Amino acid sequence: MSLGSVVLKIKQKYQHGFGTAYYRDSVRYRILKTKPILNANDLTCEIHVLTYANDWLNLIWTLKSFYHFSQRQYALCIHDDGTLTQENIATLQYHFPKARIIERKQADEKVLPLLSSYPSCLEFRKTNHLSPKVFDFAVYLQSDRLLLLDSDILFFAQPTELLNRIENPEYQINTLNGDVESAYTVEPEVVKTHLGFDIAARINSGLGLIHKDSLNFEWIEEFLALPNIIGHFWRIEQTIHALCSSRFGVELLPPTYDVHLEGNINGSPSRHYVGAIRHLMYSEGIRHLVQNNFLKDL
């Protein structure tokens, strides 16, 4: 390896400081020494997550922080994007023995035939690596209510309002965390003109309650016909969730759940460490949990 390559690797490793590198490369692995979540079988709501080879360790932090602070035992379904190794899968299965882990090949064999009557959906599922968050979550969902959860979220206290909405049988709309701004592949005017309804602003598809009936493949086939909707690779999945929820009925979670790029945890029950602030998941989020004895309590 050349000196230039070594220097580049060192710069990349420490670009966000030594503290970030320490919590990411050392402390983060301590979660693997904690006890498994043994009783996650409550189908009041089912958690669905999509993960991959570079993110499965963060996912364990996401899930264990949720189960710890929520004091719930919602059933769990983990979807592999096709990059997980058998060792990754075995580790996830150890920590979440009641979870269903859906490998990508298995999912393709089940989901693709179900989309044969929806050509645009089928093409989207084949070509977008985040599309399982729409189609696979719907196909494998075993509850009427889905907790949509990304693997870059940490919980620091009980997410009371989220749990109240999930468990209130009279709560019949979707609810998701608010983004910094609307990040869709279609403009609101296009949605209104072609579909006749308003797309809700600032929906982020990282955290929220989704009702099964809102993931309607006929609707999605219609949405995928909108002009120029196939855009940014991750915004399109978020756009589909926003469209489904807007037609079904939706409201944002309270502002304490909002995605925010500035500031700190500041008493929020959770924080979504999106790409621009992913490094803070380690230097802020995991540091906060560890310093407050999270690992000792598991």
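Computed from a prediction, not measured in an experiment: that's the story for all the values here. The figures here come from the full heavy-atom set of this structure, side chains too, leaving out hydrogens, waters and symmetry mates.
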Kindly give the heavy-atom pair with the smallest separation between [X] and [Y], and that separation in Å.
| X | Y | answer |
| --- | --- | --- |
| Y257 | T160 | OH-N, 3.5 Å |
| V134 | L215 | O-CD1, 4.2 Å |
| H95 | I60 | CD2-CD1, 4.2 Å |
| S143 | C45 | OG-CA, 3.7 Å |
| I166 | R145 | O-NH1, 2.7 Å |
| Y74 | A40 | O-CB, 3.4 Å |

Say you draw a straight line from [atom1] of [X] to [atom2] of [Y]; how long is it, rounded to the nearest 0.5 Å?
| X | Y | atom1 | atom2 | result |
| --- | --- | --- | --- | --- |
| T44 | E167 | OG1 | CD | 6.5 Å |
| L59 | F96 | CG | CZ | 6.5 Å |
| L149 | L63 | CG | CG | 6.0 Å |
| I236 | L224 | CD1 | CG | 6.0 Å |
| R287 | L280 | CZ | CG | 10.5 Å |
| D258 | L252 | CG | CG | 7.0 Å |

Please walk me through it: do F223 and V191 pass side-chain contact (heavy atoms from CB on, under 4.5 Å)?
CA-CA 9 Å; F223 300 156; V191 175; over 6 Å; no
Keeping [X] on the side-chain end and [Y] on the backbone end, is there a donor-acceptor pair under 3.5 Å?
| X | Y | value |
| --- | --- | --- |
| H241 | K133 | yes |
| D80 | T83 | yes |
| T185 | I229 | yes |
| E46 | L147 | no |
| S245 | A242 | no |
| Y184 | L243 | no |
| R247 | S214 | no |
| E251 | T175 | no |
| T34 | I31 | yes |
| R278 | Y273 | yes |

In a check of side-chain contact (heavy atoms from CB on, under 4.5 Å) between L176 and each of L148, L253, N204, L207, which one passes?
L148
Considering residues, nucleotides and ligands other than [X], do more than 12 of their heavy atoms fall under 6.0 Å from its [atom1]?
| X | atom1 | answer |
| --- | --- | --- |
| E87 | CD | no |
| E218 | CD | no |
| D297 | CG | yes |
| D144 | CG | no |
| E187 | CD | no |

Any luck finding a side-chain donor-acceptor pair between [X] and [Y] under 3.5 Å?
| X | Y | value |
| --- | --- | --- |
| T85 | N88 | yes |
| S268 | N266 | no |
| E237 | S205 | yes |

Determine whether R100 and Q142 satisfy the following criterion, side-chain contact (heavy atoms from CB on, under 4.5 Å), listing intermediate values before the conclusion.
CA-CA 11 Å; R100 291 182 295 147; Q142 293 185 339; 3.4 Å; yes
Checking side chain to side chain donor-acceptor pair (under 3.5 Å) for the pair N58/Y282: CA distance, chi angles, key distance, verdict?
CA-CA 9 Å; N58 286 348; Y282 317 120; 3.2 Å; yes
Before you tell me yes or no, could you show the steps for H211 and N174 under side chain to side chain donor-acceptor pair (under 3.5 Å), namely the whole-Å CA-CA distance, both residues' side-chain angles and the distance that decides it to 0.1 Å?
CA-CA 6 Å; H211 287 77; N174 292 349; 3.1 Å; yes
Ring geometry between Y118 and F217 (parallel below 30°, tilted from 30 to 60°, perpendicular above 60°):
perpendicular
Test H279 against R24 for side chain to side chain donor-acceptor pair (under 3.5 Å), laying out the working first.
CA-CA 8 Å; H279 60 285; R24 181 191 63 223; over 6 Å; no
Side-chain touch [X]/[Y], heavy atoms, less than 4.5 angstrom:
| X | Y | result |
| --- | --- | --- |
| I277 | R271 | yes |
| K105 | D108 | no |
| C244 | N216 | no |
| V49 | S151 | no |
| V186 | N228 | no |

If you group Ile, Leu, Val, Met, Phe, Trp and Tyr by side-chain heavy-atom gaps below 4.5 Å, do Y94 and L76 land in one group?
no
Is there a path of hydrophobic side-chain contacts, each under 4.5 Å between heavy atoms of I/L/V/M/F/W/Y residues, joining L43 to L162?
no
Mind running side-chain contact (heavy atoms from CB on, under 4.5 Å) on L163 and S70 for me, showing each step along the way?
CA-CA 8 Å; L163 297 174; S70 71; 4.0 Å; yes
The single option from W56, F137, Y52 passing ring-ring contact (aromatic ring centres under 6.0 Å, His included) against H79:
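Passing option: F137.
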Should the pair D179-R202 be classified as a salt bridge under the 4.0 Å nitrogen-to-oxygen rule?
no
For this output row, return yes or no: ring centroids of F69 and F155 closer than 6.0 angstrom.
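Not close enough - the centres of the two rings lie 6.0 Å or further apart.
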Assess the pair F294 and H68: is the distance between their ring centroids shorter than 6.0 Å?
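F294 vs H68: aromatic centres under 6.0 Å.
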Got a sec, which residues hit ring-ring contact (aromatic ring centres under 6.0 Å, His included) with F156, two or more places apart in sequence or on another chain?
H288
I'd like to know whether D136 forms a salt bridge (charged side-chain N to carboxylate O under 4.0 Å, His left out) with R125, so could you lay out the CA-CA distance, the side-chain angles of the two residues, the decisive distance to 0.1 Å, and finally the verdict.
CA-CA 9 Å; D136 299 35; R125 173 59 173 73; 2.8 Å; yes
Checking W61 against R28 for the side-chain contact (heavy atoms from CB on, under 4.5 Å) test, could you report, in this order, the C-alpha distance in whole Å, the side-chain angles of both residues, the deciding distance, and whether it holds?
CA-CA 8 Å; W61 281 89; R28 189 167 54 129; 3.5 Å; yes
